[in-house]
Amino acid sequence: MQSSSPPPRWITAFFSSSSLLINGDDLSPLQWLLSPYNQRLLLSISDSIFLLSFIFLTLHHCRRRSPELENEPLLTKLPSSPTTPLKLKLTIILLSFLTIFYTTLFILSLFFSTSLQCSNLSSILLLLRLLSHLFSTSMLLLLSNPLPFSFLLFLRLFFFSSFFFNSFFSISSFFFTSLLFPDDFIILSLLPFSFFLLYFSITGVQPAPESSPATYATASLLSKATWSWMNPLLAKGYKTPLNLHDIPSLAPEHQAETLLQTFTSHWPENHLRRNHHPVATSLFLSFWPNLLLTASLSLLRLLAMYISPTLIQSFISFASSSTKSSMAEGYYLCSILLFSKLIEVLTSHQFNFQSQKLGMMIRSTLITSLYRKGLRLSCSSRQSHGVGMIVNYMAVDAQQLSDVMLQLHYLWLMPLQILTALTLLYTYLGIAATTGIAGTLIATLFILLNTRRNNTFQFMLMTMRDARMKATNEMLANMRVIKLHAWERHFVEHIVGIRDGEFGWLSKFMYSMSTNMVVLWSSPAIIAVVVFGTSLFTGVKLDAAVVFTAMTIFRLLQEPMRNFPQALITVSQATVSLERVERFMMSKELEEKAVERVDGGHVAIEIRDGEFGWDDEALHGSLKVFDVAIKRGTLSAVVGTVGSGKSSLLACILGEMHKISGTVRVCGTAAYVAQTAWIQNGTIQENILFGSPMNSEKYKEVIRVCCLEKDLEMMEFGDKTEIGERGINLSGGQKQRVQLARAVYQDCDIYLLDDVFSAVDAHTGSEIFKECVRGVLKEKTVVLVTHQVDFLHNADCILVMRDGTIVQSGKYDELLGSDTEFGVLVSAHENSMELVEQSTNHNISNEHSKPDKQSIEEDRPGISPKTEKGTSKLIEEEERETGHVSWNVYKVYITEAWGWWGVVIVLGISIVWQVSLMSSDYWLAYVTSEQNVVSFSPSLFIEVYCIIVAVSLVVVAVRSFLISYLGLKTAQIFFEQMLNCISHASMSFFDTTPSGRILTRASTDQTNIDLFLPFFIGLTITMYITVIATVIVTCQVAWPTFIAVIPLAWLNIWYRGYYLATSRELTRLDSITKAPVIHHFSESILGVTTIRCFRKEESFAQENINRVNSSLRMDFHNNGSNEWLGFRLELIGSFVLCIVALLIIMLPANFIKPEYVGLSLSYGLNLNSALFFAVWISCFIENRMVSVERIKQFTKIPSEAAWEIKDCLPSPNWPTRGDIVIQDLKVRYRPNTPLVLNGITLSIHGGEKIGVVGRTGGGKSTLIQAFFRLVEPCGGKIIVDGVDICTIGLHDLRSRFGIIPQEPVLFQGTVRTNIDPVGKYSDEEIWQSLERCQLKDAVASKPEKLDALVVDNGENWSVGQRQLLCLGRVMLKQSRILFMDEATASVDSQTDAVIQKIIREDFASCTILSIAHRIPTVMDCDRVLVIDAGYAKEFDKPSKLIELNSLFGALVQEYANRSADT
């Protein structure tokens, strides 16, 4: 059937193209491929293969279907769902459009054709195109259950082939003088659709399964080799920000428990007796297969790297040939180039990944081993290392040993690389090659010496950073005391002083590193000058092939020059870290057999001829116990003055002291309640259960007997309330009762209670003694260390201690005597009780003596109902940004120092430097070209080349030092901003923010800004400029390559965004999961005595393993995502290079300039690594920019009130009288919490002594905090000498008040620096103060006197001595108003009486507010304030209050009668 009119020309042209059918046997492959007819033939073959494959897979799928599915359709109709992915919809729409398009063309080809032959060919082509797209569309339309992998693979291959052919046809159309109409125009119009097909071929079209992502453990070998196992996680991260639960778990062989078992199995049992390195030996025996694998990969990579440069001469020779007679040789060269680059890319990234994985496994092993060792350390070993140092072993040294795995092999690779390069250079340059190697060795030696100096700088830098972190940690841990004394400025100045020293070493390190970089960047050009000069002198002919082969080898030598010195330093640092870890792991542990643990028996605790010391090497102990036997089920009390050895006695029973001689036998399980409460960061319930299962009845009973019911009622969320770090949001009494409840709930046989009543009021103490000690623990063996003489009547046995020995033992009546040690203690107590007894016997009727407890409770107001919506979590989840790091973060960082001018200058210098580098290479290409052989002038060649190299050297030096300067200045600005903001933050910030969260920013994030960001931002700019220059130079020899570069550039950008979405979140999650490991580690070390006593080592070790696994998951998948990106980007770069090489082979000889072939290939060989490095380094920068983001968060912390207000300065001697007026004072801790003080109104006259009493948790300490404005009043006023304290600066307020806080805090240092931290007073004044606070003898007995050591938290001083030192501080200050918050809670009655006498004498004219649970302490006060449930219930003279049926009277009566009642 034919049309009556002739067909349109565009139809016949498209389907016939008869004029372009090229025949001939002598055509080159390129000419053959440029034929439209041959191109369509190739496309038809491709479509035929796809159709046949689809049919085969369909039949194969049918055969494998189970019999019960035979009647079901092969492909189930995809249910219409609004959740169908947009990408799948777009793919179906695109394929449907192309199917309709090819159907139309197929129909037209049947009716409009000028030739039968062309008609058949065109129809077949279009039919195949039509069917291919129809089948593809059908597969996607019928997609329901996930299609088999083979279907999806062929579908994606079809998309890629369509892109390839359309792109190739488009490129080939430019080789003709004029475009064919409409053939080429239709092809070009389809090109944009091809890009979509390429995108779908790479990313896939099938919806992601709902199941968890595939893990490394289940991946195939091919998937592991290409990192395809990362695809599900990357896809998920690209769609939505990742959360912790989205990250797959580690493979079993990579999990911490497996690695620990392997390490432990190789640990030498007799490591303490033999002189070798157990940690190094165990690590090697555990991981030698991994080490061997990385060594093999590095060797393969080295061989592949040096194959490519040897091909340059062959390519130049081939391109120079006018005939190009043997195309097979050209294809062979391209094949070798492609194969070598593929091997190089694969081995390079596998080496990186396997090394990082090995490092991760070593770090995991060391962290878990160090943690377990920390739980077994003796007290002496723990003190010798210190908590901060132990945490450093885990955080710093383990990381150093992990990082060395990437550098280790460069030690033996460097000589091998030098030898290989020398051999190759000698082949091309003869004896002149030796000067190149000599130059390389000289540059390497310079870098090595400079790097050794860097090592010194870095060591000093780390030392100063450790000192800064130690000072920062101490400041954060004691921030409440620091704010109370207005010492923030002093501590900030101390930290700034350390930072200045650190910054000095940092500057030296950065400028020295800049020198290294100048040498590294300039060395190839400088060595080239030397080598080419020597070559000309020795008569070696320099042509393009020789020159650019040599230049390529010189560039390859940059790697050993850079890596070898760094490897030496890294290995050196790792060796130091290994020695530190070895020393810790070989430290003395607690002796398991120091305490004999038996079941049953009449005697619960028995000590015979015992001598104990805190020093493991001591020959004589500080505690001597000759004969003690405590019977089962008895209550034994231990008493004595401050420092007599009471707590040491409990420690020897627990096995915490070094046993020099004697025997200790304990029958049954033991529970321990420490004098200084150890509370975990968690809920109250979690602290009480302590890992034991919940028993509701038992739990309620424990809450009752420990008097926690009322406290939990006052807390909005009860026992679900979260306790802050170190129990910071609980009062001292509440912390003590929580840890007592923890001990009681464990239901042990023996209870060791260390002064549990010191922090609770008389009533609560009596209740605990009756209901707990003599109630639920009545059948248990209880050893009670106490200063409360009232309870001693009930003790079955009393042990009296003095100077580390038991001087008396027996019952109360037996020991009573005025000339005995016990008699002195009792006498001091009775003297303090005289006033109480007189008061209780004066005009008090029997009913008032013992008021009904219920009536008191009813008299108290109810707790305010909750009006705002709050949360039980005190510690909020760490703030985490999601998505891209804001461009504002980049802007803030790069413009912080010099503004936008700095950015412009750095960019300009970087471009000038790159131009100078390119100029030197173009000069080489120009002078070695064939047309310049005759006119070649050696002197001119060297002179010009030297000038260009000199300019390049100057520019790169200016650039490197400028970037370092700007980076250092920016880092210092950020540090000062964060430190200033933290020091001005209110106490509520520290209550709700774990110190680990702040320390992570001060350490890891600040280090990123100090060291990494300046260096890598400069490197990022350089690498992107280098990539652009490399692409320009590489593609100039074959300009059609630019057409392929455009989609590949887009692909690189897409890959970067795709990868970065996941990598960024993994980096953020990594930062978040590292802090809990450090926090748990330090928390466990502080509470190790409690953990060991309750035999909870395994559960805590398991928690450590869980946290380590959580952190390593992020690290492992972050490394995997890095190599996933690098592998693909380097493959793209390799393909670009191979396309260039193929075009060099295929293009006509007159199209190629041979001198530019060498230049192009010498640049192109580095394209894959430069491309990857540029993209990766920019991603690295974005991940590190998270540190800027995190630090910026802490520069926006809400600040407390100003330290000084210039317009509201109090007089220099304010307060002069000490008058205090409180008007309707209301206080709440945070906006979402109930009122803690409910409208207190009272007036205090100057010089009055006010006692503040009340039930535990009633608001007494909160009142003190309100005076110091640690908590700002939300209503009412406090007026001191006519000045509203809220109108003056905080330092003007706090520096005028004196306070002895509830918890005695000592700083690491000396006695002098603790009693006078600011350094205001003379030694004479300090000695007077020590004498008045009863510590002069203790300090004078030490050889160092005032310089006597005070360790972390003052652990080498007893709690009572710490309290006295805090008293000494106040005596030096001599404030007009003094606050005492349980100032003598941890001292005995005798010492308490002396202190009270001193206070009455030294502070006679001062206004004193004294919180006390010991009633005798407040009986001689002028007035007593009773605070209950946040209300000022009573405020009058003690004698008047006792005469009434008052709360105070009830407290006094309880205190007076509790011994009899108990």
Side chain to side chain contact (heavy atoms under 4.5 Å, CB included) involving T1026 - partner list, sequence neighbours excluded
Q914, T1022, T1030

Answer yes or no: is there a donor N or O on one side and an acceptor on the other, between the side chain of T347 and the main chain of I343, under 3.5 Å?
yes

Which residues pass the side chain to side chain donor-acceptor pair (under 3.5 Å) test with W227, not counting sequence neighbours?
none

If the condition is side chain to side chain contact (heavy atoms under 4.5 Å, CB included), which residues does L221 pass it with, not counting sequence neighbours?
none

Between Q350 and K224, is there a donor-acceptor pair closer than 3.5 Å when you use the side chain of the first and the backbone of the second?
yes

Could you tell me whether the side chain of T368 and the main chain of S364 form a donor-acceptor pair under 3.5 Å?
yes

Tightest non-hydrogen contact, residues S1111 and K1074, listed as OG-CG, 3.6 Å

Rounded to the nearest 0.5 Å, what separates atom CG in L233 from atom CG in L242?
5.5 Å

Side chain to side chain donor-acceptor pair (under 3.5 Å) filter on S282, not counting sequence neighbours, yields none

Name of the residue among D403, T294, L293, V404 meeting side chain to side chain contact (heavy atoms under 4.5 Å, CB included) with S355
T294

L1069 vs R1113, side chain to side chain contact (heavy atoms under 4.5 Å, CB included): CA-CA, chis, key distance, verdict:
CA-CA 10 Å; L1069 292 172; R1113 275 193 307 155; over 6 Å; no

Testing the basics here: between Y1055 and L1125, what is the closest heavy-atom pair and its distance to 0.1 Å?
O-CD1, 3.9 Å

Between M405 and M360, is any pair of side-chain heavy atoms under 4.5 Å apart?
no

With sequence neighbours left out, which residue pairs that include part of residues 290-301 fulfil the salt bridge (charged side-chain N to carboxylate O under 4.0 Å, His left out) condition?
R301-E559

Starting from the C-alpha separation in whole Å, work towards a yes-or-no answer on side chain to side chain contact (heavy atoms under 4.5 Å, CB included) for M513 and N454.
CA-CA 7 Å; M513 283 294 295; N454 285 354; 3.4 Å; yes

With a 4.5 Å cut-off on side-chain heavy atoms, are Y1058 and W1124 touching?
yes

Nearest 0.5 Å, what's the CG-CD1 distance between L260 and I367?
12.0 Å

Counting C-beta onward and ignoring hydrogens, is there a side-chain heavy-atom pair between S286 and T365 closer than 4.5 Å?
no

For the residue pair M394 and V1077, what are the closest heavy atoms and their distance?
SD-CG1, 3.9 Å

How far does CZ of F353 sit from CG of N1119, to the nearest 0.5 angstrom?
7.0 Å

Tell me every residue that passes side chain to side chain contact (heavy atoms under 4.5 Å, CB included) with N1008, counting only those two or more places apart in sequence or in another chain.
T1004, D1005, F1012, R1184, S1187

Could you check if a side-chain atom of M1114 sits within less than 4.5 angstrom of a side-chain atom of I247, using non-hydrogen atoms only?
yes

Ring centroids only, cut at 6.0 angstrom: are Y216 and F1116 within range, meaning strictly under it?
yes

Under the side chain to side chain donor-acceptor pair (under 3.5 Å) test, which residues partner T1020, sequence neighbours left out?
none

Using the side-chain hydrogen bond (donor to acceptor under 3.5 Å, both in side chains) rule, collect all pairs that involve residues 253-263, keeping only residues at least two apart or in two chains.
E257-N1109

Quick one: does L366's side chain get under 4.5 Å of Y393's, heavy atoms only?
no

If you look at every heavy atom in G237 and A1061, which pair is closest and at what distance?
O-CB, 3.6 Å

Could you walk me through whether Y410 and V571 satisfy the side chain to side chain contact (heavy atoms under 4.5 Å, CB included) test, starting with their C-alpha distance in whole Å, then the side-chain angles of each, then the deciding distance to 0.1 Å, before giving a yes or no?
CA-CA 10 Å; Y410 291 122; V571 170; over 6 Å; no

Report the C-alpha separation of L408 and L291 in whole Å, then their side-chain angles, then the decisive distance to 0.1 Å, and conclude whether the side chain to side chain contact (heavy atoms under 4.5 Å, CB included) test is met.
CA-CA 10 Å; L408 187 62; L291 201 60; 3.9 Å; yes

Interatomic distance, L244 atom CG to E1065 atom CD [nearest 0.5 angstrom]
11.0 Å

Keeping the roles fixed (side chain from Q400, backbone from A574), state whether a donor-acceptor pair exists under 3.5 Å.
no

Tell me the closest heavy-atom pair linking T1073 and D1070, and the distance in Å.
OG1-O, 3.2 Å

Interatomic distance, CD@Q354 vs CG@L292, rounded to 0.5 Å, equals 12.0 Å

Does anything in residues 353-366 pair up under salt bridge (charged side-chain N to carboxylate O under 4.0 Å, His left out), and if so which pairs, sequence neighbours excluded?
R363-D1115

Do K341 and I307 have side chains that approach each other closer than 4.5 Å (heavy atoms only, starting at C-beta)?
no

Side chain to side chain, F287 and L259, heavy atoms closer than 4.5 Å:
yes

How many angstroms lie between CD in Q356 and OG in S402, if you round to the nearest 0.5 Å?
8.5 Å

If I compare all heavy atoms of I1181 with all of F1016, which pair ends up nearest, and what's the gap?
CD1-CB, 3.3 Å

Does R1107 have any salt bridge (Lys or Arg N to Asp or Glu O under 4.0 Å) partners at least two apart in sequence or in another chain, and if so, which?
E1103

4.5 Å side-chain heavy-atom contact, S228 and L222:
no

Under the side chain to side chain contact (heavy atoms under 4.5 Å, CB included) rule, collect the residues that match up with S1063, sequence neighbours excluded.
Y1059, T1067, N1118, S1121, N1122, N1183

How would you list, by chain and number, every residue that makes a ring-ring contact (aromatic ring centres under 6.0 Å, His included) with F1015, sequence neighbours excluded?
none

